[in-house]
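Just so it is clear, the model here is predicted, and its values are computed rather than measured. Per chain, numbering begins at 1; letters A, B, ... match sequence-line order. Heavy-atom basis, side chains included; hydrogens, waters and symmetry copies ignored.
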There are 2 protein chains.
Amino acid sequence: MAIVRVVSAHTTGKPHTLASSGLSIGEAATQSGVSAKMIRHYETLGLLSGVARRNNGYRQYGPREIHTLQFIKRARDLGFSMAEIAELVGLWQNRRRTSASVKRIAQAHADDLARRIEAMQAMQQTLLSLIRCCQGDHRPDCPILDDLAGSASPIAHPVCSTKELLHQPRP
Amino acid sequence: MAIVRVVSAHTTGKPHTLASSGLSIGEAATQSGVSAKMIRHYETLGLLSGVARRNNGYRQYGPREIHTLQFIKRARDLGFSMAEIAELVGLWQNRRRTSASVKRIAQAHADDLARRIEAMQAMQQTLLSLIRCCQGDHRPDCPILDDLAGSASPIAHPVCSTKELLHQPRP
DNA sequence: ATGAACCTTGCCATGATGGGAAGGTCAAGC
DNA sequence: GCTTGACCTTCCCATCATGGCAAGGTTCAT
């Protein structure tokens, strides 16, 4: 229940300037699990509105930003695209949202996952069949190559393009 | 058994120049299922050695190249990376290969698929649990957002980075 | 002669992420 | 005071397989 909020400053215990004036990007990174690189990137995507700066130009994060970063992290871990996460963050911060709109996004993503899992399982089945048939010895004869070369009765039918399902993680 | 080899020239039945002097890239594309763009790309990757040209500079493909393209297509459909496919093509054309080396590549890819499928299934399970809990109505209260915000007992533990398993399809 | 349907090369975009360069800032230790 | 090291800043480039588009050449049919 209690959010784990280690107050020690970053890796070392050295607060850079004024003690509790907000977290630096490195500290925000350790506390959110999002890399500094990505925190800056998310800012350009508009996911963190109006990040404060210190006099020296360093970014400065408060509890609110940290929480948003943790939200993004969790959503990424569930495989949502940044576009979807942008929507989700918007809904999260909108008191007049409907749970239906959130559910719709989640369901679409779940459907997408299901489709990709299915496609990958089909590949896997074919592969495992071929691997099972292959002696794996010093001789050149290989049913795997035979299948790829089309010189064997194909074990499975290539249905869907790899690009769609493996390489284009989200539409 | 018989390889489907439609001999009609490309979409229309119009052989461009000399009747049977080899296929143009567009014809090679239709017969292999690989786009012309990708055929050129594979050539730069060194997968098609020494493609002949006509007097006008057009590429010209014989049965050998078409077969290689079909091989590549099939391997892509099984989810192999281009690096793996380069290896496989090399082995295919090497009479002194061992089936063990082919099997090793296939097994590594199968293992990779298994890892990714597992990770995606974990995401899917978490998502489906959350979706099940969400009313999906006009009210703002939403267990999905609660979970993402960390303000609920998390349903699953985010173990592996999305990047590794969803966005970086192959190593 | 014009247009259609091909072909050529070359550049740019995708999506999420990392790597690295070149340079600014700040505190601690000599 | 000066150096060192650990931060921070911005900007550019790379990944991977693929598509899109542009500018221009070729060939053939109307």
Check your understanding: CZ/Arg74(B) to OG1/Thr126(A) distance, rounded to the nearest 0.5 angstrom?
Key -> 6.0 Å
Review point. Once you round to the nearest 0.5 Å, how far does CZ of Phe71(A) lie from CD1 of Ile66(A)?
Key: 15.5 Å
Separation of [N] [atom2] from [X] [atom1] (nearest whole Å):
| X | N | atom1 | atom2 | answer |
| --- | --- | --- | --- | --- |
| Ile25(A) | dC26(C) | CD1 | P | 17 Å |
| Leu23(B) | dC7(C) | CG | C1' | 15 Å |
| Asn55(A) | dC8(D) | CG | P | 17 Å |
| Tyr61(B) | dT8(C) | OH | P | 7 Å |
| Leu45(A) | dT14(C) | CG | C1' | 14 Å |
| Arg54(A) | dA27(C) | CZ | P | 10 Å |
| Leu47(A) | dT17(C) | CG | P | 11 Å |
| Asp77(B) | dA17(D) | CG | P | 14 Å |

Practice item. Could you tell me which residues satisfy ring-ring contact (aromatic ring centres under 6.0 Å, His included) with Tyr61(B), sequence neighbours excluded, listed by chain and number? Key: none
For [X] and [N], is the shortest distance between a side-chain N/O and OP1 or OP2 below 4.0 Å?
| X | N | value |
| --- | --- | --- |
| Asn56(B) | dT27(D) | yes |
| Arg53(B) | dC7(C) | no |
| Ser24(B) | dC6(C) | no |
| Arg59(B) | dC6(C) | no |

Check your understanding: Partners of Glu118(A) by side-chain contact (heavy atoms from CB on, under 4.5 Å), sequence neighbours excluded?
Key -> none
Exercise for review: Name all residues meeting the side-chain contact (heavy atoms from CB on, under 4.5 Å) criterion together with Ala100(B); count only those two or more places apart in sequence or in a different chain, and write none if there are none.
Suggested key: Thr98(B), Arg104(B)
Review point. Considering residues at least two apart in sequence or located in another chain, which fulfil the side-chain hydrogen bond (donor to acceptor under 3.5 Å, both in side chains) criterion with Glu87(B)?
Key: none
Review point. Excluding sequence neighbours, so at least two apart, what forms side-chain hydrogen bond (donor to acceptor under 3.5 Å, both in side chains) with Ser32(A)?
Key: none
Review point. Got a sec, which pairs hit salt bridge (Lys or Arg N to Asp or Glu O under 4.0 Å) with one end in residues 132-144 of chain B, sequence neighbours left out?
Key: Asp137(B)-Arg139(B)
Study note, to complete from the structure: Within residues 32-42 of chain A, those residues having any heavy atom closer than 4.0 Å to DNA chain C are Ser35(A), Lys37(A), Met38(A), His41(A), Tyr42(A)
Practice item. Rounded to 10°, tell me the angle between the two end axes of the helix from dA1(C)-dT30(D) to dC30(C)-dG1(D), each built from five pairs. Key: 40°
Which atom pairs, one a donor and one an acceptor, fall under 3.5 Å between side chains of residues 39-51 of chain A and the rest of the protein, sequence neighbours left out?
residue: Glu43(A); atom: OE1; partner: Arg59(A); partner atom: NE; Å: 2.7
residue: Thr44(A); atom: OG1; partner: His41(A); partner atom: O; Å: 2.6

